[in-house]
Structures are given as structure tokens and as C-alpha cells.
Amino acid sequence: MAAATSHHTIVSIQSHRWNGKTSRMDKRMANVRLVSVASCCSGTRKLGLVCASGSTSSVIDPVQLPSNGKGDHTLKKSSESTLILIRHGESMWNEKNLFTGCVDVPLTPTGVEQAIEAGKRICNIPIDVIFTSAMIRSQMTAMLAMMQHRRKKVPIITHKESEQPHSWSQIYSEDTREQSVPVITAWQLNERMHGELQGLNKQETAERFGKEQVHEWRRSYDIPPPNGESLAMCADRAVTYFKDQVVPQLITGKHVMVAAHANSLRSIIMHLDKLTSQEVISLELSTGIPMLYIFKEGEFIRRGSPAGPSEASVYAYTKNLAQYRQKLDSMVQ
């Protein structure tokens, strides 16, 4: 875990500008971190991109967020929310030491236990919306983890792939809806596609092509395996989706959990922790271990991995988390 928690360097990453004409985020490149910046113009608030170097920083090229037209800003000064990242539990191909990639493989019994344990570790942290990949192993992990949550809300996968599944899955009870947590699936959060390595045994592949070649395919940032994705290609889709879909939820104060895969989460952590392309390739993520971030005033603050539901230091991170824990305690008394 030490390798996963000690990086604080700046990295060249994609930033996004809100385009009011197209209602989309336009991609740009910069060495940045996000801060909240008030605008002198009514009806707007901006996430400033801060270029940091040593002990100094300066606001550059702020990103304007959409307003509702009534002067209400999407990002509130007092907004604070939590982000939980979880790599799925052990899959059946993890167990067999096979390259899995985008092959849709379920969890092993060990993976199920890891997901349950992850849920126990975050059972006192608020969760309003869940994002998973389109793969069953990440969805199983999210569902099993949520079953341990003390709030006892029901995770429900949203179906918006076409009009009929969407209309047929509507909930018509407001009380039931309040006791539910939407689960949004997205292929952009899928594992890196390993191309012609998928289904091959990792040890046998190393013996066939050489350890150095296989290590380059697995761990280099911008070299893909045959007919597969590099980490850079995976990062392009995963981080773009994170910025376009997950960050807006956090901005509005929603508490978010993302259950995904080693490389899609590596990409997101690279963005959040400002890792370089060399640092991210050595980042190891254990299966079924939750990682906690606090999103406050446009910035992500890493808070490590909760060791257990009663770990006092987790709830000392913010007043809001402590109050949420107290509320849960009062509900079960």
C-alpha cells in the first residue's frame, strides 16, 4: 500500500473546458490541479486549473461550470463529498494467472470474501451513487460491498442502453427510491484491453516471448500488447469519463463509489495524485481494498484506505464524516 499512497508529483494530464454551445467538455492538456474560483460575472463559477511548482502556484485558464441561469452555482463553497475507489475482488482468471483484460470473468469465492470485507471497511462512509465498469467482476464487487453498508440502501443498476429498458425499470415509490443507490455501468471504466494476450497464462507467455517483452507490454505506459491497449490509451477513456461523469456528481455534493479494475483505477489515481507516467507504472492496487478521497472546494485529498469500520482516524478526516457516523449510530440504537 505504501506505493499507492506516497506520490504527490505533478503530471501532464487532460483538462476540460465547458463549452456552452455544445454542452460538452472540451479536452485540453496542462499540468494542473483543481481549485474553486469565484467569478465576477453573475451566474457562473469556475474550477480553476492551478499550475503548481514547489511551494508556489498560480491560477490558469479556469474551467467554467454550467449555471442554471438563476445565479445558482453548481459548485458550492461549503461542498464536500467522498470518493471511494475499489478494485474488484479476485476473479477466476486472476486465480488461474491468466491475462483477463476485457473478458467478462466473475469473482472467485475469495473475491467474494474480499468484496464483503471491503464493504465492511466502508460501511460507515456515505454513498449516494455507484459507478462500475461493464464487467461482472466489478459489478459483483460493488453489490457485495454495498450489502455491508449500515444504511441498508439497495444498489440498483440503471438501464439506459435504450428507451424500453429504461422505462421498464422505473421506480414509482418515492420512499423506495430514497432507499436505493443508483449503479451506473460504463465500458469506459473497463480493464485495459490486453489484445492477443487475453486468455494466455502469464508465466507461459513470459517463457514464450521473454520476461522483458511481457513486462514491457504489462507495465510500460505507452506500449500496447499486440492488438491491445496501452495504459495511456486506457487512461484516455477512463479519466475522460471520470471528469465528465463522476466529477459533476461530486461537485453537487454526492458521495461516490467507483468499482473498477487495476488499470482503469491506476489511470484515475494518476489523475488524482498527479503521478508521472513513470510513477504510475509501478503503482500496485490490491484486489478488494477501498481507497478514500475527500473532494472539497474543487480539490481531491487522499485519505488512504480505511482499515475498518470503527477506525477513529477515518472519521477525524472531516466533520461531515464524523457526523454521518454519529447519525448511523443513532439509527441502530
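Each residue takes its place number in the sequence, starting with 1.
Side-chain contact between Thr158 and Val183: absent, with no pair of heavy atoms (C-beta onward) separated by less than 4.5 Å. Looking at Val105 and Asn94, their side chains never come closer than 4.5 Å, going by heavy atoms from C-beta outward. At a threshold of 4.5 Å between non-hydrogen side-chain atoms, the residues Tyr293 and Ile268 do not count as touching. Side-chain contact between Arg218 and Lys202 is present, with at least one heavy-atom pair separated by less than 4.5 Å. For the pair Phe295 and Leu272, the minimum side-chain heavy-atom distance is 4.5 Å or more. Using a 4.5 Å heavy-atom cutoff, the side chains of Ile127 and Val256 are not in contact.
Within a 6.0 Å radius of CZ in Arg177, other residues, nucleotides and ligands contribute more than 12 heavy atoms. Within 6.0 Å of CE on Met233 lie more than 12 heavy atoms contributed by other residues, nucleotides or ligands.
Phe131 and Leu265 fall within the same hydrophobic cluster, defined by Ile, Leu, Val, Met, Phe, Trp and Tyr side-chain heavy atoms under 4.5 Å apart, directly or through other members.
Sequence neighbours left out, not one pair with a member in residues 188-198 passes salt bridge (Lys or Arg N to Asp or Glu O under 4.0 Å). A ring-ring contact (aromatic ring centres under 6.0 Å, His included) check over residues 132-176, counting only residues at least two apart or in different chains, returns nothing.
The aromatic rings of Phe242 and His271 sit perpendicular, their planes meeting at an angle over 60°, well past the 30° parallel limit.
Residues Asp236 and Tyr241 have side chains that never bring a donor and an acceptor to within less than 3.5 angstrom of each other.
The residue from Arg137, Glu90, Glu95 that alone fulfils the side chain to side chain donor-acceptor pair (under 3.5 Å) condition with Thr108 is Glu90.
Ser133 and Asn190 get closest at one heavy-atom pair: CB-OD1, 3.2 Å.
Aromatic ring centres of Phe99 and Trp93 lie farther apart than the 6.0 Å criterion allows.
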